[in-house]
Visitor: 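Please read through the structure below; I'll follow up with questions.
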Amino acid sequence: MISFENDYNTGAHPRILERLMETNTEPLSGYGTDPYCEQAKEKIRASCQCPDAQVEFLSGGTQTNSVVISTMLSDYEGVLAADTGHISTHEAGAIEFAGHKVLTLPHQEGKILPDTLKKWMKDFYGDGNHEHMVFPGMVYLSHPTEYGTLYTKEELTKISSICHTYQIPLFLDGARLGYGLMSLSTDLTLPDIASLCDVFYIGGTKVGCLCGEAVVFSKQNRPSHFMTSVKKRGALLAKGRLLGIQFDTLFTDDLYFEISSHAIMMAEQLKEIFHEVGLPFYLESPTNQQFIILENQQMEELKKEVAFSFWEKYDETHTVVRFATSWSTKEADLKKLKELLLS
């Protein structure tokens with residue numbers, strides 16, 4: 001069985017495991033107060049070209065989205081997101097559970113367009129009854145999106161400007177940020193994101209770590225007593241060293257970008273295979289997630305040898321499925337897939 005099911009279906013990059021073993025018996029302070037966490041924060045600040053950034057480590061993506069959103073919003077505010085956004089669809093109501101409504105906007109290939117956001121904000125404040133409504137308190141984007149698509153620098157700049165006009169923060173979910181930064185089609189850099197967003201996170205779970213995300217507050221805007229809020233919501237590891245050592249390793253010798261670049265190279269080869277065998281794309285993304293349309297019987301046969309993800313029903317006889325590459329994808333996996341598709 002070969003697997004393209006997701007980008008976190010293997011453990012961690014060997015260099016991370018090696019560092020964890022090397023430091024395993026060092027007695028270190030807990031809750032992120034150890035020197036490895038501090039080293040990792042400094043390296044992340046340098047990579048973002050944001051020396052004053054406040055960096056915090058959390059255990060996972062859903063916890064990060066929930067903690068950031070709930071600590072930055074007032075009790076009368078909700079968060080704007082694409083109707084396909086991760087917090088809108090695949091986080092089991094975590095945001096609503098914390099007491100904040102997800103205010104959904106229509107998407108275009110997973111993205112919120114600046115004009116859509118601008119019109120929504122104008123219509124909200126133009127409604128004479130808006131004091132009786134949930135206020136927009138934040139804009140949430142994921143980059144890459146759920147469809148593996150990317151915001152351009154122009155789009156992100158416009159969205160950032162709209163947020164600043166209405167004095168609400170722009171929050172970027174970077175669970176797969178590395179794959180966006182290393183895409184062959186992007187014009188956004190990590191310093192660009194740090195400059196244009198008020199808060200974002202650098203995903204580790206889906207980019208080579210065992211677990212963990214690094215939240216970056218780039219405008220000296222970290223909520224008061226943030227660590228206490230993280231702990232209250234169950235997202236603080238007592239053994240904070242586990243996150244610090246992993247991110248310290250990721251941001252040493254550009255490993256984070258190396259991992260991400262490898263996944264993109266594998267995804268480009270994957271796309272070539274799909275074209276060669278004549279499989280139709282539902283959406284041909286510029287990142288590590290690829291969406292194709294399979295006839296249902298073909299899908300069932302392929303599932304006997306290959307792991308991939310159901311995405312959505314296309315019609316009565318076809319299904320949209322997702323193939324994802326990662327740091328651990330091998331050319332041998334691609335070769336085997338091609339043989340199966342041609343057989």
Visitor: Hydrophobic clustering (ILVMFWY, side-chain heavy atoms < 4.5 Å, transitive) - are V320 and L341 grouped together?
Guide: no

Visitor: Under 6.0 Å from the ring centre and within 45 degrees of the ring axis: does the NZ or CZ of K303 meet both conditions for the six-membered ring of F308?
Guide: no

Visitor: Of all residues at least two apart in sequence or in a different chain, which pass the side chain to side chain contact (heavy atoms under 4.5 Å, CB included) check with N296?
Guide: M299, T319

Visitor: Do the rings of F251 and Y256 sit parallel, tilted or perpendicular, given the 30° and 60° boundaries?
Guide: parallel

Visitor: Applying side-chain contact (heavy atoms from CB on, under 4.5 Å) to S285 and Y179, what does each step give before you reach the verdict?
Guide: CA-CA 11 Å; S285 95; Y179 306 130; over 6 Å; no

Visitor: Regarding K158 and E154, does a basic nitrogen lie under 4.0 Å from an acidic carboxylate oxygen?
Guide: yes

Visitor: How long is the gap from CE on M265 to CG on N288, to the nearest 0.5 Å?
Guide: 14.0 Å

Visitor: Below 4.0 angstrom, N of the basic side chain to O of the carboxylate: do D192 and K153 qualify?
Guide: yes

Visitor: Taking atom types as modelled, is there a side-chain donor on E213 or T205 under 3.5 Å from an acceptor on the other?
Guide: yes

Visitor: Are D127 and H130 close enough that a side-chain donor and a side-chain acceptor fall under 3.5 Å?
Guide: no

Visitor: Below 4.0 angstrom, N of the basic side chain to O of the carboxylate: do K119 and D115 qualify?
Guide: no

Visitor: Taking only residues at least two apart or on different chains, which pairs with a member in residues 23-65 satisfy ring pair (Phe, Tyr, Trp, His ring centres under 6.0 Å)?
Guide: F57-F247

Visitor: Where is the tightest heavy-atom contact between T145 and Q289, given as atom of each residue plus distance?
Guide: O-NE2, 3.7 Å

Visitor: Assess, by modelled atom type and distance only, whether the side chains of T249 and R15 contain a donor and an acceptor separated by less than 3.5 Å.
Guide: no

Visitor: Is the shortest side-chain heavy-atom distance between Y282 and R322 below 4.5 Å?
Guide: no

Visitor: Would I202 and Y8 show up in the same hydrophobic cluster when neighbours are defined by side-chain heavy atoms closer than 4.5 Å?
Guide: no

Visitor: I'd like to know if R222 pairs up with E56 as an ion pair, taking the criterion as any Lys NZ or Arg NE/NH1/NH2 lying under 4.0 Å from an Asp or Glu carboxylate oxygen.
Guide: yes

